[in-house]
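Right, one structure below, let's go through it.
Side-chain atoms are counted along with the backbone in the values below, which use heavy atoms only and exclude waters and symmetry mates.
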Amino acid sequence: MTTETADIKAIEEVVAAVERAQRAKDVDGFLALFHPDALWTTAHGKVLIGFDAIAAFTRTVLPTASWDGEVTYEAVHTQFLRPDVAAVKVRQVYHSAEGDSEGAPLYVMTKQDDGRWLLHACQNTEVRTG
């Protein structure tokens, strides 16, 4: 397995971990995926700078999030900007009885010295139809 192939697999596992954490409303599991200097912009435009801001928002919002159905996340494109930096386009779908809604997150991820990939700069965008 090439290094790039192994990194893509590791990145896809982080995206899968985001999905698992969201489904389980697992605040600590979700936060474990972030770099300490991360930047996160929510689908509704709220800008969160640094881990503490992301953690405070997540601890407030995730446990009380409500949706009928389930959410899925899929890494649909990974582009390495450098060997230790990747831009990852994600397809996020909320499946519900009323119909699906979609998000189009972009995760800029960085590879740490220990080989882990972490979310570093992320923008979640709501996909609107019509």
Side-chain angles (χ1 to χ4, degrees):
M1 179 182 301
T2 67
T3 301
E4 186 173 292
T5 301
D7 284 331
I8 288 172
K9 188 172 177 67
I11 287 165
E12 288 173 345
E13 179 51 39
V14 172
V15 173
V18 170
E19 177 182 303
R20 286 191 303 273
Q22 291 289 318
R23 285 181 173 203
K25 299 182 183 181
D26 177 5
V27 171
D28 292 330
F30 183 68
L31 293 174
L33 305 172
F34 284 89
H35 187 277
D37 295 326
L39 166 70
W40 182 270
T41 303
T42 71
H44 302 290
K46 184 168 183 67
V47 177
L48 306 166
I49 299 173
F51 182 83
D52 291 344
I54 294 167
F57 178 81
T58 301
R59 290 186 197 290
T60 300
V61 173
L62 187 56
T64 61
S66 63
W67 54 80
D68 290 333
E70 63 182 28
V71 62
T72 57
Y73 290 73
E74 177 188 7
V76 293
H77 179 76
T78 299
Q79 182 171 327
F80 289 94
L81 307 177
R82 296 188 335 204
D84 62 339
V85 180
V88 183
K89 197 63 190 162
V90 176
R91 182 170 187 250
Q92 171 193 54
V93 180
Y94 288 94
H95 305 277
S96 73
E98 294 81 39
D100 294 350
S101 61
E102 191 170 332
L106 175 65
Y107 298 162
V108 176
M109 299 176 66
T110 53
K111 187 175 185 179
Q112 308 310 294
D113 291 339
D114 64 4
R116 290 179 309 136
W117 283 90
L118 294 177
L119 301 170
H120 207 127
C122 305
Q123 168 78 43
N124 194 358
T125 304
E126 179 183 0
V127 174
R128 294 186 183 204
T129 56

For this session: Tell me yes or no: between the side chains of His120 and Thr110, is some donor less than 3.5 Å from an acceptor?
Result: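 Yes.
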Exercise. How about Trp117 and Tyr107: do any of their side-chain heavy atoms sit closer than 4.5 Å?
Worked result: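 With C-beta onward as the side chain, the pair stays apart.
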When rounded to the nearest 0.5 angstrom, what distance separates [atom1] in [X] from [atom2] in [Y]?
{"X": "Phe34", "Y": "Leu48", "atom1": "CZ", "atom2": "CG", "result": "8.5 Å"}
{"X": "Cys122", "Y": "Ile54", "atom1": "SG", "atom2": "CD1", "result": "7.5 Å"}
{"X": "Lys111", "Y": "His35", "atom1": "NZ", "atom2": "NE2", "result": "14.5 Å"}
{"X": "Glu126", "Y": "His44", "atom1": "CD", "atom2": "NE2", "result": "5.5 Å"}
{"X": "Gln123", "Y": "Leu106", "atom1": "CD", "atom2": "CG", "result": "8.0 Å"}

Which heavy atom of [X] sits nearest a heavy atom of [Y], and at what distance?
{"X": "Val71", "Y": "Glu19", "value": "O-CG, 3.7 Å"}
{"X": "Leu62", "Y": "Ala21", "value": "CD2-O, 4.2 Å"}
{"X": "Asn124", "Y": "Gly103", "value": "OD1-CA, 4.4 Å"}
{"X": "Val88", "Y": "Met109", "value": "CG2-SD, 3.8 Å"}
{"X": "Leu118", "Y": "Ala32", "value": "CD2-O, 3.8 Å"}
{"X": "Val15", "Y": "Ala75", "value": "CG1-N, 3.9 Å"}

Check for me, please, whether [X] and [Y] land in the same ILVMFWY cluster - side-chain distances under 4.5 Å, paths through other members count.
{"X": "Val18", "Y": "Tyr94", "value": "yes"}
{"X": "Leu119", "Y": "Ile8", "value": "yes"}
{"X": "Val61", "Y": "Phe51", "value": "yes"}
{"X": "Val108", "Y": "Val14", "value": "no"}
{"X": "Leu31", "Y": "Tyr73", "value": "yes"}

Exercise. Name the one of Arg91, His95, Gln22 that satisfies side chain to side chain donor-acceptor pair (under 3.5 Å) with Thr72?
Worked result: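 Only one of Arg91, His95, Gln22 forms a side chain to side chain donor-acceptor pair (under 3.5 Å) with Thr72, namely His95.
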For this session: Among Ile, Leu, Val, Met, Phe, Trp and Tyr joined by side-chain contacts under 4.5 Å, find the other residues sharing a cluster with Ile49 and list them by chain and number.
Result: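 Taking Ile, Leu, Val, Met, Phe, Trp and Tyr as members, Ile49 shares its hydrophobic cluster with Leu39, Val47.
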For this session: Apply side-chain contact (heavy atoms from CB on, under 4.5 Å) to the pair Phe57 and Thr42, showing each step before the final yes or no.
Result: CA-CA 10 Å; Phe57 178 81; Thr42 71; 3.8 Å; yes
Problem set entry | Pair Glu13 + Lys9: basic N to acidic O under 4.0 Å |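 Lys9 and Glu13: not salt-bridged.
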Exercise. What is the ring orientation for Phe30 with Trp40, classed by angle as parallel under 30°, tilted 30 to 60°, or perpendicular over 60°?
Worked result: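 Taking Trp40 first and then Phe30, their aromatic rings stand perpendicular (interplane angle over 60°).
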For this session: Determine whether more than 12 heavy atoms belonging to other residues, nucleotides or ligands lie under 6.0 Å from atom NZ of Lys89.
Result: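 Counting other residues, nucleotides and ligands, NZ of Lys89 exceeds 12 neighbours.
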Problem set entry | Residues that Asp114 engages under side-chain contact (heavy atoms from CB on, under 4.5 Å), provided they are two or more places apart |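 side-chain contact (heavy atoms from CB on, under 4.5 Å) list for Asp114, sorted by chain: Gln112, Arg116.
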For this session: Tell me, please, which residues at least two apart from Asp28 pass salt bridge (charged side-chain N to carboxylate O under 4.0 Å, His left out).
Result: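 For Asp28, the residues satisfying salt bridge (charged side-chain N to carboxylate O under 4.0 Å, His left out) (neighbours in sequence not counted) are Arg59.
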